[in-house]
Amino acid sequence: MTMLSVAEARTKARTRLSSSMASWAAEATGQVRVEIALQPPTEKQVLSDQAAAADWAGSWRAVRERAGAAAAGAPAELEVDWEERSWARVGSQRVPVRLRLLTPDAVAAFVGGDTAREWRRLRDRAVGIRQRLGSVPNGIAATRDADAEVSSEEDSLAAAIRSQSKRILSLSDAAFVTVIDVVDWLCTHPLGSLRPRQLPIRGVDSKWFETHRSLVTALLGGIGHAHAVTVLDAEPRLRLRILDGTLIGAADHEVTVDRTSVRAAAAPLDDVTALISQLGRLPIKPRVVFVFENLESVLAMPDWPGAVAVHGSVYGVDGVARLDWIVGARVIYWGDLDSHGFAILNRLRSHLPEVESVLMDEATLLAHQDLWVPEPKPSTGTFAHLTGTEARALERLHAEGGVRLEQERIPWDTALNRLRTAVEV
């Protein structure tokens, strides 16, 4: 028979609850309309097994009666629609045809189990977020349309709750309370130059921020305090090698010899790891800036007139454009021949449109086919800043089944020759 059992209907409702609970909780949805067709039997099916048909109808009658008893006079949130069937050999029969659930709580009550408990926890935590944070002043100047402004703020907070619903659910009760305390504190206190370790909130340190950063950031943005997120960010560092000692020269420093201070010449500064703001103030004016995805390639670079090499992996390339002395220099990027290497190049070129790439072409890929390996988790982004040559190489990577040619697998002599040729052009 095709009759939908109560268990099968619960499975359908559970799927809907799982997919919708983030939106329902975020938007404080009070009413929904979840309808499930119960697929009542035909006359032929009833005649083939009347006991099964009767049991099925009885199971849905029991669902309706339990819901009515639970409502205790309140408006029904679960309804079962019944219709009259007139059959020649069975006679007139009332059969259940549709289950209708009218609130998220009704869906959860019908589903039961872990999914229902998750809904109630997410619902209650979303309420707590709105009650605690929804009234935090956001410092935005009042407008003539105050209602529209409030609505916009509510929409932003709802979007934050919706996007972070899984993380909100995963927190213990104590961890959730701490998250809300941190967000509230960051909104209402001047931050100055505080580091995460210095925040006067019990149990909160830099490791805590590493774990909860995305949720705190989203909630702060949702209530109009995105600026408060800056306390969570250590200024990124970059590592670079100055390949031409004449760019910066040697510096004298004071040393003590037999208790007597003397001046001594220091070796030229050539390998530096520092905050981007500090690196940007170095008194250098390179003609060429190599940006390499892999640190080993940076460390292997030989002396090179007028050049520096920067380790620019993933988000590190955002800081490359902030280096004051990069203005006027040629910037040459070399990364892994894979989707992530092209993603980094695309990101760098979004800041510095004139960036050139080396060894990021289809010919290089095909010349080293024996060194290919699978790329386990390809980047799925859209890369609007690639040249035609680079885009074709990326397409070839996909066409070959998602492969990659790691930067360090290309013979070093081959790489150096290509870099020299690029610089001489």
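Here, residue 1 is the first one in the sequence, and each next residue gets the next number.
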Under the side chain to side chain contact (heavy atoms under 4.5 Å, CB included) rule, collect the residues that match up with K166, sequence neighbours excluded.
none

Can you list, pair by pair, the side-chain donor-acceptor contacts under 3.5 Å of residues 366-373, counting residues two or more places apart and other chains?
{"unit_1": "H368", "atom_1": "ND1", "unit_2": "T364", "atom_2": "O", "d": "2.8"}
{"unit_1": "W372", "atom_1": "NE1", "unit_2": "L365", "atom_2": "O", "d": "2.9"}

For Y333, which residues count as a ring pair (Phe, Tyr, Trp, His ring centres under 6.0 Å) partner, sequence neighbours excluded?
none

Taking only residues two or more places apart in sequence, or in another chain, which ones meet R125 in a salt bridge (Lys or Arg N to Asp or Glu O under 4.0 Å)?
D173

Looking at every heavy atom in both A307 and L247, which two are closest together, and how far apart are they?
O-CD1, 3.7 Å

Side chains of E362 and T389: do they bring a donor and an acceptor to under 3.5 Å?
no

Does a salt bridge link R418 with D361, judged by any charged N lying under 4.0 Å from a carboxylate O?
yes

I need the L359 CG to L419 CG distance, nearest 0.5 Å.
6.0 Å

Would you call L4 and P40 a side-chain contact if the rule is heavy atoms closer than 4.5 Å?
no

Looking at S18, S19, S20, which one forms a side-chain hydrogen bond (donor to acceptor under 3.5 Å, both in side chains) with R16?
S20

Can you confirm whether the side chains of N294 and W334 place a donor and an acceptor under 3.5 Å from each other?
no

How would you list, by chain and number, every residue that makes a salt bridge (Lys or Arg N to Asp or Glu O under 4.0 Å) with E79, sequence neighbours excluded?
R100

With sequence neighbours excluded, residues passing side chain to side chain donor-acceptor pair (under 3.5 Å) with E395
none

